[in-house]
Amino acid sequence: MNRTSPRGSVPAIALALAAAVAVTVVLLIAGSDTPVAAIRAFFFGPFSNTYYFGNMINGVTVLVLTGLGASLAFRAGVFNLGGEGQVYTAAVVTAVAANAAPQLSAAGGIAFALTAGVVAAGIMAGLSGLFRFLWDTDELITSFLIASASIPIIDYMIVGPLNDPASNLLTTPRVPEAFRLLRILPPSRLHIGILLALAAAAITFFLLFYTVRGYEWRLTGLNIAFARYGGINTGMYILFPMLISGALHGLAGAFHVLGTHHAALVGFSAGLGWNGLAVALIGRSHPLGVIPAALVFSYLQAGSRTAILHTEFTFELATIIQAVIFFIITAQHLPRILRRLRLKRDARA
Amino acid sequence: MTAKASEPPIVELTNITKCFPENNVWANREVSFAIRAGEIHALVGENGAGKSTTMHILSGALVPDSGSIRVRGVNTRFEHPRDAIEAGIFMIHQHPQFVRELRVWENLMLGIEPRGSFGLINRGEAVDRITELATRYRMPINPKHQVELLASSQLHLAAILGALLRDPQVLILDEPTAPCSDHEVELLFGLLRSLAAQGRALVLITHKLREVFAIADRVTVMRHGAAVAERLIEDTTIEDLSNLMIGEDAQTDGEDLPPTAAESRESGSETIEAERSPLFALQNVSLYEGHFPLLRDVSLTVRAGSIVGITGIRENGLEYLEEVISGSAIPDSGEIIIGDKHISDFSPRRFRQHGIAYVPTDRLIRGASMDSSVQDNLILLRRKRLQRGGVFDRKSLDGFLGELKHQFRITASLQQPLRRLSGGNIQKVILSRELSTGAQVVIFSEPSWGLDFRSKQFVYREIRRLREGGTAIILISADIDEILGLSDEIAVMFKGSIAAVLRGDARTRDKVAEYMLGLEHKLADPLEEAPV
């Protein structure tokens with residue numbers, strides 16, 4: 001009998017990636033006057049020096065965290081589509097918190113600023129979980145709406161009240177130097193956040209597969225009727241996965257401020273939330289699968305960045321390539337996502 | 001529709017062999033099998049005996065490794081179900097596949113839609129043709145309904161309608177009666193008889209020997225991939241067939257039934273019954289949907305060491321009673337008492353905490369998580385005891401799983417997903433999990449649905465073992481034989497009420513049937529017949 005696997009199979013994912021690469025090459029050839037240079041820049045650029053390489057690995061940090069956030073929600077059978085706004089909000093909150101308490105020690109300030117960002121994003125996503133719990137509103141819709149509404153507000157804050165008058169960029173003031181995370185591969189922006197992101201993946205893996213709560217979490221995601229029948233408090237596994245998913249997105253935003261840019265720039269988070277979803281899908285919602293998935297994704301992103309810098313390859317083309325990758329990867333999961341939605345609807349009815 | 005052995009068969013399978021190397025299983029070994037016009041041919045055997053494989057080969061879904069298929073004397077090769085359908089052979093699967101969102105007619109006409117002008121589908125004609133067929137065969141199917149709205153027993157009827165639209169000469173039915181109540185089985189059998197009378201050949205795959213004698217003209221028994229015997233129905237007996245099926249003379253009482261209620265009658269349970277402590281009780285429980293009563297004033301008492309069987313024809317409230325006694329539905333009025341506690345907080349979680357175990361009708365969604373591993377399914381109820389500081393403790397986990405595997409003879413690997421297991425083994429997993437809690441009250445709902453002989457025996461043995469151990473048991477089942485065979489008391493439901501509770505010598509098939517059909521039901525005062 002032919003059954004849809006609950007998570008995409010490895011060959012299917014490999015095929016999707018291969019298709020994405022093929023489309024990329026076609027776009028590079030069609031969209032560039034110097035296709036050979038563009039292809040070389042795209043595929044080998046990220047390895048050509050420490051700066052590009054470090055930045056590529058630094059991209060992994062954010063993708064692992066947002067990928068984990070999306071995966072954990074998937075695993076519980078809930079959807080967090082608000083990652084984009086959660087990353088952005090967390091970044092601004094982190095920047096504000098860091099600048100509000102310059103007198104703190106380095107460790108204290110980092111902890112304070114990180115916590116502020118994580119809590120802000122956690123609450124933001126957690127609200128959707130709470131609404132679902134209280135009123136059975138669809139968390140998929142509410143998380144998306146809340147996050148979408150937050151983006152222009154944050155834009156306004158950065159451009160307006162929080163703007164750094166000293167900078168000619170649309171950005172918040174830079175965070176105090178003491179609070180900036182240690183860089184490990186100068187001159188690139190790679191910072192120690194990567195270690196924390198990898199640790200987060202390992203911890204998530206352990207919690208999900210070796211603890212009772214993790215067991216209940218996964219069971220609720222796979223079959224909520226069964227979980228309820230087994231006496232599992234399923235309401236909790238609607239609320240907490242959203243909260244924690246948001247918190248992980250928040251950590252990504254906070255790292256971005258404390259480690260990568262040292263400030264929150266307008267629109268920096270564009271695509272980060274969606275990329276997290278794509279990474280979760282490539283990584284089959286597995287905490288350890290998210291790591292290679294983030295690497296592949298970051299490599300493709302870094303490739304388009306070097307291609308832009310070294311050839312007349314345009315920013316729009318890079319965006320199209322990313323969209324194509326996202327599209328191809330999610331398309332194969334669409335039936336499954338729809339099925340999940342159906343199951344969820346049936347379970348509620 | 002008496003069959004003459006001299007008539008040449010429509011279809012003849014000769015020495016069919018099929019091996020599944022990936023499982024290292026000979027699914028069919030030199031199976032020969034002939035199907036004659038106007039005959040209802042039953043194919044019986046345990047799960048895994050090779051019945052479905054043979055029929056899949058016959059219907060073109062599988063290609064045999066060797067052997068021949070002759071249709072009306074001509075050697076044929078089926079590469080695809082299409083080929084079989086063209087030859088007039090049509091199979092209706094155990095779980096008919098439909099597009100749930102589409103209407104009945106759209107599903108049934110798929111691929112054979114009548115065309116109107118411009119090649120568009122002629123809806124009117126499609127609906128008319130189906131309506132006409134449904135009326136002719138008295139099938140309660142409306143072609144304009146969405147498939148989603150059909151009950152599972154109706155799905156089979158719809159599938160048969162779909163087959164008839166293609167006018168098959170050979171119709172294969174795989175366990176068509178599994179989701180049917182006794183009444184629906186009668187309807188279905190009437191239909192099958194009239195189809196056979198038209199000269200069609202029918203093949204009926206079944207576990208239920210009683211059905212074989214009720215309808216078949218001829219029966220073939222399969223065991224371990226081989227067709228071990230073929231008999232005309234008048235030349236065989238239930239004992240004969242069951243011996244052939246299991247290949248041993250262990251079974252003396254024939255049918256796939258639990259040993260009779262006589263056993264429990266003799267045990268003198270009646271005399272002690274009143275002294276045994278009640279562990280579970282419903283008092284005047286009602287459940288409404290709007291103003292429509294789903295359950296009316298249902299009262300029941302279940303005592304330690306006894307089995308209360310609840311039966312009735314489908315749509316008479318069995319399913320709502322299951323919801324209420326498992327904590328899944330909140331009654332609108334009445335009391336539920338577990339042990340000596342009046343329950344005010346209704347949820348499966350609370351009921352479990354009060355010591356209730358529950359084997360649900362809906363095994364594939366509620367009773368098990370098909371995408372989870374066997375292990376994850378087994379530990380559900382003991383998860384809190386197999387941990388230290390929130391982390392699963394390898395040692396107690398292995399100990400617990402080893403014990404269950406041994407006690408319930410679960411042979412499946414613990415890490416594989418549950419959906420890879422057969423129906424019997426899935427039910428074993430569910431049963432062993434529920435019984436692992438040592439609950440004082442156990443609810444079984446349709447515990448033997450779709451199980452083969454051995455698995456059924458296993459389930460019945462476990463239920464009886466529990467009763468001996470002093471557990472209070474509620475058995476919900478639409479299968480009268482099962483109810484008669486196991487229950488100390490039988491509550492019969494009719495239109496949402498308990499029409500009667502039968503004890504002692506009143507527990508007869510006739511009495512149960514009368515109350516089921518409402519023949520004895522006193523509409524003026526339903527309470528009179530419902531002793532507490």
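Computed from a predicted model, the values in this text were never measured in an experiment. Protein chains get the first letters and strands the later ones, always in sequence-line order, with residue 1 at the start of each.
When every heavy atom of A:Arg228 is checked against every heavy atom of B:Pro348, the shortest pair comes out as O-CB, 3.5 Å. Here the closest non-hydrogen pair linking B:Ser369 and A:Leu222 is OG-CB, 3.8 Å. For the residue pair A:Leu219 and B:Ser372, the shortest heavy atom distance occurs at CD1-OG, 3.4 Å. When all heavy atoms of B:Asp376 and A:Arg218 are compared, the closest pair comes out as OD2-NH1, 2.9 Å. Here the closest non-hydrogen pair linking A:Val212 and B:Arg383 is CG2-O, 3.6 Å. Of all non-hydrogen atoms in A:Phe226 and B:Ile365, the two that sit nearest each other are CB-O, 3.6 Å.
Atom-to-atom distance recorded for B:Arg366:CZ and A:Ile224:CD1 is 13.0 Å, nearest 0.5 angstrom. Once rounded to the nearest 0.5 Å, the distance linking CG of A:Asn233 with CZ of B:Arg349 reads 4.5 Å.
Within 6.0 Å of atom CZ in B:Arg382, more than 12 heavy atoms from other residues, nucleotides or ligands are found, so the atom counts as buried in its surroundings. Within 6.0 Å of CZ in B:Phe408 there are more than 12 heavy atoms belonging to other residues, nucleotides or ligands. Other residues, nucleotides and ligands contribute at most 12 non-hydrogen atoms within 6.0 Å of the CZ atom of A:Phe240. The environment of CD in B:Glu79 is crowded: more than 12 heavy-atom neighbours from other residues, nucleotides or ligands sit within 6.0 Å.
Within the 4.5 angstrom heavy-atom criterion, no atom of B:Leu386 approaches chain A. Proximity to chain B is absent for every atom of A:Leu207, based on heavy atoms less than 4.5 angstrom apart. Looking at B:Leu380, the atoms closer than 4.5 Å to chain A (heavy atoms on both sides) sit in the backbone and in the side chain alike. In this structure, no portion of B:Phe351 lies under 4.5 Å from any heavy atom of chain A.
Residues A:Asn223 and B:Asp371 form no side-chain contact, since every pair of their non-hydrogen atoms from C-beta on lies 4.5 Å or further apart.
The ring-ring contact (aromatic ring centres under 6.0 Å, His included) contacts involving residues 370-402 of chain B comprise A:Tyr215-B:Phe392, where partners must be two or more places apart or lie in separate chains. Applying the salt bridge (Lys or Arg N to Asp or Glu O under 4.0 Å) test to every pair with at least one member in residues 430-443 of chain B, sequence neighbours left out, gives these pairs: B:Arg352-B:Glu434.
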